[in-house]
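Everything on this sheet refers to the single structure shown next.
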Amino acid sequence: MRIVIAPDKFKGSLGAAEVGLHLAAGLRAVWPEAEIQILPIADGGEGTAEVIRAARGGTNLECAAHDARGRAIRARYSWLEPERLAILDMSAAAGLAQLTPNERDPSSASSFGVGEMLRAASERGAAGLLVGLGGSATNDGGTGLARALGFRFLDAAEREIISAVGLETLARIARPNELVLPAITALSDVRSPLLGPAGATRTFGPQKGAPPQMVEVLERSLSRLAEVAARDGKDFGDSPGAGAAGGLGFGLLAFCDAELRSGFGVVAETIGLRRALQNADYIITGEGSLDRQTLDGKGPAGVARLARELSKPVFAIVGRASDDPAMGALFDRILTLNDEPPYARTAELLESRARTLAESWRA
């Protein structure tokens with residue numbers, strides 16, 4: 001029997017690779033003779049760089065950068081030879097998880113450190129860059145990133161704007177005289193535009209610490225940014241994914257000529273997921289929360305759709321799952337942990353649910 005375990009992370013509890021190891025342990029308790037392949041997945045969110053690095057045998061590198069509050073840090077990214085491909089999680093420099101609840105303030109949080117990571121990888125000789133857009137603390141439309149690359153955002157008095165809320169007074173964007181970057185692909189499961197009810201600010205701003213009044217200011221600021229950028233021929237405000245990571249998707253499009261792609265699609269292609277699933281008898285995936293958002297480009301849904309395309313049985317073991325008929329159509333069976341914060345029993349429950357699933361195959 002050949003089983004492929006292709007899980008995403010259980011956010012706040014276990015990384016994707018750890019989830020895979022615990023699921024495999026549960027399966028082997030029932031099927032010790034099974035051939036099990038653990039192939040962690042990601043969809044552009046936190047952990048994407050490590051998933052690709054581990055699958056492809058790359059290395060980890062570090063560079064000097066600044067976090068979302070402007071503090072000096074060492075940011076990690078991954079590197080693949082011989083492609084000279086750098087893979088960056090934007091959250092390594094500007095992630096929400098790096099901040100305490102009291103430090104969360106998207107009015108001043110900056111993506112500057114992500115630009116420093118791009119610059120470091122470029123100077124190292126990267127031929128291509130993959131940038132995962134999940135887990136951001138920022139809402140600056142990628143202007144912080146752009147400033148790290150030499151852009152200047154100026155008001156009518158030619159004063160430089162350095163905060164997200166300051167963009168409300170933006171009059172002109174000054175591009176650097178010389179900017180040479182490798183091809184950049186931004187990875188995201190978020191298809192939101194920059195503005196509006198489903199945009200960067202109104203959808204994600206509150207969870208980053210923005211109260212209602214700040215949400216309105218930030219929305220006006222990003223609207224002004226989009227207006228000025230469009231005047232310069234960079235009209236990406238309505239592009240799907242422009243609202244990812246507090247508008248960093250927009251910034252990469254407008255200032256770095258990046259391409260926005262499905263995070264899961266690129267990860268699956270890079271790690272050879274289709275080939276692995278073709279040879280499987282059973283496929284197991286999972287994540288912390290299986291809900292309506294899962295259907296909008298997240299990893300487990302991608303695994304399930306690929307399994308269906310290959311006529312393979314696919315199962316999900318998840319922290320919790322919403323009562324949605326569409327989920328039942330995707331998976332042959334869904335098992336939930338229903339663990340509660342601080343998720344002390346996640347590892348134990350993963351093994352238990354995997355044993356339960358394996359025993360059902362023997363029946």
Side-chain angles (χ1 to χ4, degrees), residues 4-20 23 38-52 55 87 89-91 95-97 130-136 185-193 198 200 203-204 207 240-246 248-249 260-271 273-274 276-277 283-309 314-337 346 350:
V4 171
I5 302 173
D8 205 336
K9 64 186 175 298
F10 277 47
K11 193 171 183 178
S13 180
L14 296 174
E18 296 172 293
V19 172
L23 291 175
I38 301 172
L39 204 59
I41 59 166
D43 51 30
E46 297 160 275
T48 295
E50 177 58 22
V51 162
I52 295 176
I87 309 103
D89 288 344
M90 72 81 57
S91 59
L96 189 66
L130 301 181
V131 184
L133 298 187
S136 76
T185 302
L187 311 179
S188 179
D189 67 321
V190 172
R191 306 302 293 161
S192 301
T203 302
F204 303 106
Q207 70 191 45
L248 186 61
L260 277 176
R261 292 184 60 189
S262 157
F264 173 77
V266 173
V267 171
E269 178 183 318
T270 306
I271 69 176
L273 183 63
R274 173 182 285 271
L277 299 191
I283 297 161
I284 301 174
T285 186
E287 65 176 345
S289 181
L290 198 68
D291 52 31
R292 174 54 61 172
Q293 288 187 352
T294 302
L295 303 177
D296 296 329
K298 287 190 173 292
V303 172
R305 290 180 178 122
L306 186 52
R308 292 298 185 211
E309 183 182 331
V314 58
F315 305 85
I317 298 179
V318 301
R320 57 193 55 81
S322 64
D323 186 16
D324 190 325
M327 299 298 177
L330 267 182
F331 301 98
D332 289 275
R333 185 177 178 186
I334 299 170
L335 292 83
T336 59
L337 309 187
T346 301
L350 283 169

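All values below were derived from every heavy atom in this structure, side-chain atoms included, with hydrogens, water molecules and symmetry-related copies excluded. Just so you know, these numbers come straight off a predicted model, no measurement behind them.
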Does any part of the side chain of [Y], heavy atoms only, come nearer than 4.5 Å to the side chain of [X], both counted from C-beta?
| X | Y | value |
| --- | --- | --- |
| K298 | D8 | no |
| T203 | V190 | no |
| S192 | F204 | yes |
| L273 | L306 | yes |

Original post:
Do R261 and E269 sit within salt-bridge range, that is, some charged N less than 4.0 Å from a carboxylate O?
Top reply: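 Salt bridge present between R261 and E269.
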Original post:
Would you call R308 and D332 a salt bridge, using N to O less than 4.0 angstrom?
Top reply: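 Counted as a salt bridge, because a side-chain N and a carboxylate O are separated by less than 4.0 Å.
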Original post:
Could you walk me through whether I52 and V267 pass the side chain to side chain contact (heavy atoms under 4.5 Å, CB included) check?
Top reply: CA-CA 7 Å; I52 295 176; V267 171; 4.1 Å; yes
Taking every non-hydrogen atom, the tightest pair across [X] and [Y]:
| X | Y | result |
| --- | --- | --- |
| G135 | E46 | CA-OE1, 3.8 Å |
| P300 | L290 | CB-CD1, 4.3 Å |
| G249 | L133 | CA-CD1, 3.9 Å |
| A276 | L39 | CB-CD2, 3.9 Å |
| V19 | P7 | CG1-CB, 3.7 Å |
| A244 | S188 | CB-OG, 3.4 Å |

Distance-only, no hydrogens or angles: does the [X] side chain make a donor-acceptor pair with backbone N or O of [Y] under 3.5 Å?
| X | Y | result |
| --- | --- | --- |
| D89 | A49 | yes |
| D324 | A326 | yes |
| T285 | A6 | yes |
| D43 | G299 | yes |

Distance (rounded to the nearest 0.5 Å) between [X] [atom1] and [Y] [atom2]:
| X | Y | atom1 | atom2 | answer |
| --- | --- | --- | --- | --- |
| I41 | K9 | CD1 | NZ | 9.5 Å |
| I283 | F331 | CD1 | CZ | 11.0 Å |
| L187 | L130 | CG | CG | 5.0 Å |
| L337 | F10 | CG | CZ | 5.0 Å |
| T185 | I87 | OG1 | CD1 | 11.0 Å |
| M327 | I334 | CE | CD1 | 7.0 Å |

